[in-house]
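In what follows, a single structure is set out as structure tokens and then discussed.
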There are 2 protein chains.
Amino acid sequence: MNIGEASTNSGLPAKTIRYYEDIGLISPDRTDNGYRDFSETHMHKLAFLSRARGLGFTIEDCRTLLSLYEDTDRASADVKAMARGHLDKMTHKIQELKAMQATLSELVNKCHGDDRPDCPILQGLAGENTAKGIL
Amino acid sequence: MNIGEASTNSGLPAKTIRYYEDIGLISPDRTDNGYRDFSETHMHKLAFLSRARGLGFTIEDCRTLLSLYEDTDRASADVKAMARGHLDKMTHKIQELKAMQATLSELVNKCHGDDRPDCPILQGLAGENTAKGIL
DNA sequence: GTAGGGCTTCCAGTCACTGGAAGGTCAAGG
DNA sequence: CCTTGACCTTCCAGTGACTGGAAGCCCTAC
């Protein structure tokens with residue numbers, strides 16, 4: 001299977017697949033003409049990578065996960081620890097975003113949004129928040 | 001005020017302030033010895049930038065916001081539209097992260113996490129999800 | 001005069017791709 | 001046999017928003 005088909009089947013752009021080879025995540029065979037040739041095993045790995053990336057794991061996490069996946073002697077505790085670490089980061093990120101969202105929407109609600117220059121959003125950003133300091 | 005003090009007062013790393021000058025967000029004066037010299041006005045801008053970045057606005061958003069801030073003829077509607085656009089992106093991002101979080105925590109909960117190799121997390125990533133397809 | 005801390009510039013690296021140029025390969029149609 | 005077009009190859013550069021580090025100047029204190 002050449003890269004176009006591999007791309008279609010895995011949902012990963014061809015560029016991304018080449019990049020994954022570049023950084024050593026996969027090493028597809030080559031046909032005589034130099035084209036990459038993806039076996040079923042490689043397709044499984046691409047699908048694995050696509051899912052892991054889709055869950056927000058970093059490339060280095062994916063490298064580790066792939067090696068755990070291929071290591072039949074792994075301890076599931078190792079995988080679980082990684083996943084939990086990643087979950088913690090996600091939870092933290094969500095909290096952060098929610099805090100930003102809350103602050104900004106408060107400012108947005110205060111802004112009448114017409115053609116006059118008076119703007120509580122800019123005032124908030126400038127630190128002129130006369131009410132309770134939300135920033 | 002030189003860059004060290006400006007950094008302390010604004011909470012922005014000196015490197016970041018230099019970077020902001022590089023990309024034309026601020027243009028502090030220079031003293032005879034070549035050191036940057038930050039006026040009160042510049043410090044206000046740095047504080048503004050720090051808050052805007054803290055709310056997740058991109059650098060280009062910040063550039064626009066700063067110019068609106070300095071334009072006393074602005075329409076608050078323009079600011080509000082930007083802020084709303086940004087809020088939408090944040091909301092979207094939060095949804096995305098929550099979806100990842102939900103999927104991954106489901107897998108984590110299924111994983112016993114001991115020294116045996118059997119691991120629902122890896123199985124899920126590999127697409128061997130025998131239950132309802134959560135991935 | 002020398003030690004330290006702070007300042008300057010410039011270059012390179014981060015992360016995970018993504019775009020584009022220049023060129024080789026292959027199957028179909030004329 | 002030639003061309004056309006879709007595919008593939010490699011390599012280089014750019015993204016966003018910094019961040020780290022090297023090499024060297026400036027200023028103050030001892």
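Numbered from 1 within each chain, the chains take letters A, B, ... in sequence-line order.
- In terms of phosphate contacts, B:Asn33 brings no side-chain nitrogen or oxygen within less than 4.0 Å of OP1 or OP2 of C:dC7.
- Within residues 5-20 of chain A, the residues that have a heavy atom under 4.0 Å from DNA chain D are, in order of number, A:Lys15, A:Arg18.
- With respect to A:Val79, the side-chain contact (heavy atoms from CB on, under 4.5 Å) criterion is satisfied by exactly one of B:Ile121, B:Leu107, B:Leu125: B:Ile121.
- Checking D:dC18, C:dA16, C:dT25 against the side-chain heavy atoms of A:Tyr35 singles out C:dT25 as nearest.
- Counting non-hydrogen atoms under 4.0 angstrom, B:Ile3 reaches the backbone sugars and phosphates but no base.
- For the pair B:Arg63 CZ and D:dC18 C1', the interatomic distance rounds to 15 Å; values are reported in whole Å.
- One axis for each end of the helix from C:dG1-D:dC30 to C:dG30-D:dC1, each built from five base pairs, and the angle between them comes to 30° at 10° resolution.
- For A:Asp29 and A:His42, the side-chain atoms include no donor-acceptor pair closer than 3.5 Å.
- Under the 4.0 Å criterion applied to side-chain N and carboxylate O atoms, B:Glu21 and B:Arg18 are not assigned as salt-bridge partners.
- Around the CZ atom of B:Arg84, the shell of radius 6.0 Å holds no more than 12 heavy atoms that belong to other residues, nucleotides or ligands.
- Dashed line: the shortest gap from a side-chain N or O of A:Arg53 to OP1 or OP2 of C:dC15 is not under 4.0 Å.
- The side chain of B:Arg30 places an N or O atom within less than 4.0 Å of a non-bridging phosphate oxygen (OP1 or OP2) of C:dT9.
- At whole-Å resolution of the value, CD in B:Glu21 and P in C:dC10 are 11 Å apart.
- In this structure, A:Asp22 atom CG and C:dT18 atom C1' are separated by 13 Å, rounded to whole Å.
- OP1 or OP2 of D:dC7 has not a single side-chain nitrogen or oxygen of A:Arg36 nearer than 4.0 Å.
- With respect to A:Asp37, the side-chain contact (heavy atoms from CB on, under 4.5 Å) criterion is satisfied by exactly one of A:Thr31, A:Asn2, A:Ile3: A:Thr31.
- In terms of hydrophobic clustering, with Ile, Leu, Val, Met, Phe, Trp and Tyr side chains grouped at heavy-atom distances under 4.5 Å, B:Phe38 and B:Tyr35 are assigned to different clusters.
- Between A:Arg116 and A:Asp118 there is no salt bridge, since no side-chain nitrogen of the basic residue lies less than 4.0 Å from a carboxylate oxygen of the acidic one.
- Between B:Phe57 and A:Asp37, the residue whose closest nucleotide on DNA chain D is further toward the 5' end is A:Asp37.
- Spacing between atom CG of A:Asn2 and atom P of D:dA6 amounts to 16 Å, rounded to whole angstrom units.
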